[in-house]
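Whatever order the structure lists ligands and atoms in, that order sets their numbers, starting from 1.
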Amino acid sequence: MFCVLSSCGPEEKEIQKSRPNVIFIMSDDHVYQAISAYDDRLIQTPNIDRIADEGMLFRNACVTNSICAPSRATILTGKHCHIHGKVDNYFPFDTLQLTFPQLFQSSGYKTAMFGKLHFGNSPKGVDEFMILPGQGNYINPDFINTSGDTVNIEGYVTDIITDLTLDWLDQEAQGEEPFMMMYLHKAPHRPWWPRADKFREFSKKSFPEPESLFDKYEHRGVAAATAEMNLLSHMMYNHDSKIYPETIHAMGSVLPEVEEYNNGFYGPFGRATEEQRQEYLPTLDSINDFFRENWTSMTNEEKMRWKYQRYMQDYLGTISSVDDNVGRLLDYLDETGLAETTLVIYTSDQGFFLGEHGWFDKRFIYDESFKTPLMMRWPEVIEAGSVEDEMVQNLDFAQTLLDVAGITAPSDMQGESLMPLMTSQGSGWNRDAVYYHYYEYPSVHMVKRHYGIVSKDYKLAHFYYDVDEWELYDRKNDPNEMKNIYSDPAFANVVMEMKEQLYGLREKYLDGKKLDQEYIDEYLKSLD
Ligand code: SGN
Ligand code: CA
């Protein structure tokens, strides 16, 4: 029913003008504990919070697979990973998969993407893009542009991505056609280099520790105990905690990682100009002085605590810049009068562990990595200050955005539009559990492959490949997921019911189901 603008008659143009703009903001590894709209113990994020205060905060949003590129592919295609094929960060995205920006573009929307995509190839369906190659860099980053050229831009990545976004809006946003813009931050992804002023500011702060910082993984299976993401054992001194390789050399052989990870420090920091280096050096020097003088006499418990604080200072320091820049964008929308007619979404590609269970990174079905922040502001439709507790997934985003724009979603997309929730009607929404599947093993952080089901009350997961273990958590009574109750006879019925439901979901989403010819024919037809 919507037309490409060049072929529009006057009536259709009217309809087109009434279609909202969409700004999809996504950060990389930004967990809900680090957004004050969810939890204000670690950081204040007044600008990001504005989206929730003036719109809707989703408190039970989650991903289908807690890792970057697979999550982005799910967001863009509206399909689980086993269908779109991007099951891990390594294999390039199948560009024959249909993504929602292509549908926006062919329906007359102007489209653009700035920041991190991490697909191994360029996006389809966007008129203009500037994307970071792979993971990208914090300091003086390179970008790949629409013509496929690599350009270097001096400055701090979060500011630059915002500049690109605002420049594009300045040139394109006031025309007849609506726009769909993806504004995608690298921050707060590892190796957590804040801008120099934030580095200085945050290195002086200290943060409350999570209850499970010293988890010994005693009441669960082998997957947690064998994962390589413990702050004490796996977080790197040079690469992560910002200890100079020279400091460690000078301390002798107390830390074995030094040779291997020299580049972990000078790779990112070596990109800085002399002037930029000078801004970081006083803070780096004082961190290194402390380390040199104290490290060898500290107990393991003290080391863990120190590493946690260093980690939080840097991770949250990068978020502070994201928040400032989201503020710049929201102010721009206010000043230009675009705020009223624009749906603004803030989310992340997954959650992250901030010391819970002693960990950093993500990948697990456990709450900190499984859940993801989600908030939406759309003044014309969403009531300010609303809160939503239904279980929604990144699988739903494509259909939601298409619905918002009045574009028919392809029938093989696997999510559901969130519009009934956004308009507070609630009707037509009926989901009591979601499906999850993580594949990237063996790989960095060594989190074993697993799939599972999550309802509001329980979480059941099966770890497989080189292990065959089940875990069940009682989400209401054990919110920190400390005790696997799978073998507790008192929960035998719950296990049975959850398994049945899990197999139902696997069948519904065609995971593990033998694809019969009828399904394949139907699927191929839907791609025409
Ligand atoms: C890099 C990180 C890992 C991280 C993966 C995936 N190491 O390899 O810690 O798990 O990316 O992250 S780094 O120090 O080189 O950044 S993801 O968000 O892209 O999935
Ligand atoms: Ca990520």
Side-chain angles (χ1 to χ4, degrees), residues 25-32 34 61-76 81 86-93 115-120 131-139 141 157-158 161 182 184-194 227-231 233-243 257 260-271 307 310-311 314-315 318-319 322 346-355 359-364 366 368-374 394 437-449:
I25 313 173
M26 183 160 70
S27 299
D28 193 354
D29 296 357
H30 193 178
V31 70
Y32 58 90
C62 64
V63 295
T64 65
N65 180 3
S66 181
I67 184 149
C68 192
S71 165
R72 289 155 196 264
T74 291
I75 289 169
L76 289 175
C81 296
K86 185 102 184 88
V87 296
D88 61 31
N89 271 342
Y90 300 110
F91 201 73
F93 178 64
K116 180 172 170 182
L117 176 62
H118 195 202
F119 260 13
I131 55 168
L132 298 163
Q135 296 282 8
N137 274 289
Y138 278 104
I139 302 174
V157 70
T158 309
I161 293 170
M182 303 191 82
L184 311 172
H185 284 296
K186 171 186 172 57
H189 192 274
R190 201 180 179 195
W192 315 302
W193 275 92
E228 297 181 356
M229 45 202 246
N230 183 275
L231 297 185
S233 331
H234 306 108
M235 185 166 268
M236 291 164 185
Y237 301 97
N238 303 144
H239 184 64
D240 298 317
S241 302
K242 319 285 186 290
I243 301 303
E257 64 162 84
E260 200 179 337
Y261 294 110
N262 266 1
N263 199 38
F265 183 84
Y266 285 114
F269 189 57
R271 302 181 64 84
K307 276 186 142 179
R310 278 277 46 253
Y311 168 35
D314 292 350
Y315 177 89
T318 71
I319 287 172
V322 172
Y346 188 90
T347 189
S348 170
D349 60 344
Q350 12 71 204
F352 215 64
F353 292 99
L354 301 185
W359 287 333
F360 62 106
D361 213 67
K362 55 261 179 174
R363 299 161 192 268
F364 276 112
Y366 307 139
E368 292 79 5
S369 59
F370 162 74
K371 286 174 80 169
T372 197
L374 179 64
N394 58 353
H437 198 156
Y438 170 79
Y439 302 81
E440 195 182 284
Y441 176 89
S443 177
V444 57
H445 302 301
M446 296 302 276
V447 172
K448 292 187 188 295
R449 295 177 190 214

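Looking only at heavy atoms of the protein, atom 13 (S) of ligand 1 is closest to His239 NE2, 3.7 Å. From the protein, the heavy atom lying nearest to atom 18 (O) of ligand 1 is Lys362 NZ, 2.8 Å. Ranking the protein heavy atoms by distance from atom 4 (C) of ligand 1 puts Asp361 OD1, 3.5 Å first. Gln135 NE2, 3.0 Å is the protein heavy atom nearest to atom 11 (O) of ligand 1. Atom 7 (N) of ligand 1 has Arg190 NH1, 3.5 Å as its closest protein atom, hydrogens excluded (heavy atom only). Counting protein heavy atoms only, atom 6 (C) of ligand 1 is closest to Asn89 ND2, 3.4 Å. For atom 3 (C) of ligand 1, the closest non-hydrogen atom of the protein is His445 NE2, 3.4 Å. The protein non-hydrogen atom at the shortest distance from atom 17 (S) of ligand 1 is Cys68 CB, 3.1 Å.
Geometrically, ligand 1 and Asp240 share no nitrogen or oxygen pair separated by less than 3.5 Å. Taking distance alone, with nitrogen or oxygen atoms compared against 3.5 Å, Pro191 stays at or beyond that limit from ligand 1.
Judged by distance alone, the side chain of Glu440 and the main-chain N or O of Asn89 form a donor-acceptor pair under 3.5 Å.
Distances shorter than 4.0 angstrom occur between a heavy atom of Gln350 and an atom of ligand 1. Not a single heavy atom of Met236 lies less than 4.0 angstrom from ligand 1. Glu228 does not count as a contact of ligand 1, since none of its heavy atoms falls under 4.0 Å from the ligand.
Between Phe269 and Trp193, the ring-plane angle classifies as parallel under the 30° and 60° cut-offs. The aromatic rings of Phe364 and Trp359 sit parallel, their planes meeting at an angle under 30°, below the 60° perpendicular limit. Between His437 and Tyr439, the angle of the ring planes stays under 30°, which puts this pair in the parallel group of the 30/60° scheme.
Heavy-atom minimum distance, Arg271 versus Pro141: NH2-CA, 3.9 Å. Annotation for His30 and Ser348: closest pair N-OG, 3.0 Å, computed over non-hydrogen atoms. His234 and Met229 get closest at one heavy-atom pair: ND1-N, 3.1 Å.
Two residues are said to be in side-chain contact when any heavy atoms from C-beta on lie closer than 4.5 Å; Asn65 and Lys86 fail this criterion. Here the side chains of Arg72 and Asp28 are in contact, with some heavy-atom distance below 4.5 Å.
Checking Asp361, Asp29, Asp240, Asp314 one by one against Arg190, the salt bridge (Lys or Arg N to Asp or Glu O under 4.0 Å) holds for a single residue, Asp240.
Rounding to 10°, one obtains 80° for the angle at the Ca ion (ligand 2) between OD1 (Asp29) and OE1 (Gln350).
Shown in contact with His118 at under 4.0 Å from a heavy atom are these atoms of ligand 1, numbered in order with element: 19 (O). Each of the following atoms of ligand 1 lies closer than 4.0 Å to a heavy atom of Ile67: 20 (O). Atoms of ligand 1 lying under 4.0 Å from any heavy atom of Arg363, numbered from 1 in the order shown and given with element: 4 (C), 5 (C), 6 (C), 10 (O). Taking a cut-off of under 4.0 Å to the non-hydrogen atoms of Asp28, the atoms of ligand 1 that pass are 18 (O).
Sorting the N, O or S atoms of Asp349 by how far they are from the Ca ion (ligand 2) puts OD2 first. If you look at Asp28 and ask which of its N, O or S atoms sits nearest the Ca ion (ligand 2), the answer is OD1.
Rounding to the nearest 0.5 Å gives a distance of 4.0 Å between NE2 of His118 and CD of Gln135.
Ser348 lies apart from the Ca ion (ligand 2) in this respect, since none of its N, O or S atoms is found at a distance under 3.0 Å.
When Met229, His189, Glu440 are ranked by how near their heavy atoms come to atom 2 (C) of ligand 1, first place goes to His189.
The part of Lys116 lying near ligand 1 is the side chain, judged by heavy-atom distances below 4.0 Å.
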